[in-house]
Amino acid sequence: QVQLTESGGGLVQPGGSLRLSCAASGRTFSRYDMGWFRQAPGKERESVATISWSGGSLKYADSVKGRFTISRDNAKNTVYLQMNSLKPEDTAVYSCAVVGQYGLGISPAFWGQGTQVTVSS
């Protein structure tokens with residue numbers, strides 16, 4: 001079991017930046033593949049970015065490629081999402097989840113509570 005806590009959301013103007021953090025409890029974080037997801041009002045939740053347990057494999061949704069960067073620090077049990085050139089359509093609740101273990105994928109699990117990102121002038 002692992003508990004995930006997101007932070008770093010807020011209100012930002014279009015073109016601005018935010019860095020989200022997802023802190024994990026426990027001693028097993030380094031074995032987990034992690035993902036960031038978002039859900040906008042009235043829309044289904046979508047995958048934004050994933051990172052493998054080692055950090056060597058990164059995947060992004062087409063809508064955020066070139067603007068968002070996922071990274072992790074296993075010593076700090078934390079995964080990050082650096083979001084640059086934000087657009088109003090990036091407005092959503094962002095959540096992190098475990099998406100695999102040592103590269104073996106699972107249905108997203110151990111969801112955090114989410115953090116609100118609002119992009120507006």
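The basis for the numbers below is simple: all heavy atoms, side chains too, and nothing from hydrogens, waters or symmetry mates.
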Enquirer: Quick one: are the ring centres of Trp53 and Phe29 less than 6.0 Å apart?
Expert: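 Centroid distance Trp53-Phe29: not below 6.0 Å, so no.
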Enquirer: Kindly indicate whether the side chain of Val12, heavy atoms from C-beta on, has any atom under 4.5 Å from the side chain of Thr118.
Expert: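 The answer is no; the side chains never approach within 4.5 Å.
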Enquirer: Applying side-chain contact (heavy atoms from CB on, under 4.5 Å), name anything that partners Val64, two or more places apart in sequence or on another chain.
Expert: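 With neighbours one apart ignored, the set is Arg38, Val48, Tyr60, Ala61, Arg67, Phe68.
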Enquirer: Is any side-chain heavy atom of Met34 less than 4.5 Å from a side-chain heavy atom of Val98?
Expert: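 SC-SC contact between Met34 and Val98 confirmed.
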Enquirer: Is the backbone of Gly35 close enough, under 3.5 Å, to the side chain of Thr50 for a donor and an acceptor to pair up by distance?
Expert: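 Not confirmed, Thr50 side chain does not pair with Gly35 backbone.
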Enquirer: Can you tell me if Gln13 uses its side chain to pair, donor with acceptor, with the backbone of Ser120 under 3.5 Å?
Expert: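 Such a contact is absent between Gln13 side chain and Ser120 backbone.
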Enquirer: Between the side chain of Gln3 and the main-chain N/O of Ala24, is any donor-acceptor distance below 3.5 Å?
Expert: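 Side chain of Gln3 to backbone of Ala24, a donor-acceptor pair under 3.5 Å: no, none is there.
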Enquirer: Which distance, rounded to the nearest 0.5 Å, do you find between the CZ of Phe110 and the OG of Ser95?
Expert: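 Output value for this atom pair is 15.5 Å.
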Enquirer: Do Leu81 and Tyr94 come close enough that some side-chain heavy atom pair is under 4.5 Å?
Expert: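 Sidechains of Tyr94 and Leu81: in contact.
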Enquirer: Thinking salt bridges, do Asp90 and Lys87 make one under a 4.0 Å N-O criterion?
Expert: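 Salt bridge absent between Asp90 and Lys87.
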Enquirer: Look up atom CZ in Arg72 and atom OG in Ser54, then write down how far apart they are to the nearest 0.5 Å.
Expert: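 The CZ atom of Arg72 sits 8.0 Å away from the OG atom of Ser54.
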Enquirer: Step by step, work out the side chain to side chain contact (heavy atoms under 4.5 Å, CB included) result for Ser21 and Thr78.
Expert: CA-CA 7 Å; Ser21 298; Thr78 303; 4.2 Å; yes
Enquirer: Using modelled atom types only, decide if a donor and an acceptor are shared between the side chain of Ser30 and the backbone of Thr28 within a distance under 3.5 Å.
Expert: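 Pair absent, no side-chain N/O of Ser30 close to backbone of Thr28.
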Enquirer: Do the side chain of Thr91 and the main chain of Val119 share a donor and acceptor less than 3.5 angstrom apart?
Expert: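 The answer is yes, because a donor-acceptor pair under 3.5 Å joins these two groups.
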Enquirer: Does Gln101 offer a backbone N or O that forms a donor-acceptor pair with the side chain of Asp33 under 3.5 Å?
Expert: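 Confirmed, Asp33 side chain pairs with Gln101 backbone.
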Enquirer: Is it the case that over 12 heavy atoms from other parts of the model lie below 6.0 angstrom from the CD atom of Gln39?
Expert: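 Correct, the count exceeds 12.
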Enquirer: Could you go through the side chain to side chain contact (heavy atoms under 4.5 Å, CB included) check for Leu20 and Glu6 one step at a time?
Expert: CA-CA 7 Å; Leu20 306 183; Glu6 300 95 338; over 6 Å; no
Enquirer: Please check if Leu86 and Ile70 belong to a single hydrophobic cluster, counting links between Ile, Leu, Val, Met, Phe, Trp and Tyr side chain heavy atoms closer than 4.5 Å.
Expert: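 Linked within one cluster.
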Enquirer: Atom CH2 in Trp36, atom CE in Met83: separation rounded to 0.5 Å?
Expert: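 Going from the CH2 atom of Trp36 to the CE atom of Met83 covers 8.0 Å.
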Enquirer: To the nearest 0.5 Å, tell me how far Gln116 CD sits from Leu11 CG.
Expert: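 Interatomic distance, Gln116 CD to Leu11 CG, rounded to 0.5 Å: 9.5 Å.
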Enquirer: Taking the side chain as every heavy atom from C-beta outward, state whether Val79 and Ser71 have any pair of such atoms under 4.5 Å apart.
Expert: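 No. Closest side-chain heavy atoms not under 4.5 Å.
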Enquirer: Take Asn84 and Ser17 through the test side chain to side chain donor-acceptor pair (under 3.5 Å) and record every step on the way to the result.
Expert: CA-CA 4 Å; Asn84 298 328; Ser17 298; 2.9 Å; yes
Enquirer: Looking at Glu89, I'd like to know if its CD atom is crowded, meaning that more than 12 non-hydrogen atoms belonging to other residues, nucleotides or ligands lie closer than 6.0 Å.
Expert: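 Counting neighbours around CD of Glu89, more than 12 heavy atoms of other residues, nucleotides or ligands fall under 6.0 Å, so yes.
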Enquirer: Can you confirm whether Leu4 sits close enough to Tyr32 that some side-chain heavy atom of one is under 4.5 Å from a side-chain heavy atom of the other?
Expert: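 SC-SC contact between Leu4 and Tyr32 ruled out.
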Enquirer: For the residue pair Leu18 and Val117, establish whether any side-chain heavy-atom pair is separated by less than 4.5 Å.
Expert: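 When only atoms from C-beta onward are counted, Val117 and Leu18 do touch, with a gap below 4.5 Å.
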Enquirer: Starting from Phe37, can I reach Val2 by hopping between I/L/V/M/F/W/Y residues whose side chains sit under 4.5 Å apart?
Expert: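 Per the 4.5 Å side-chain linkage, Val2 and Phe37 are not co-clustered.
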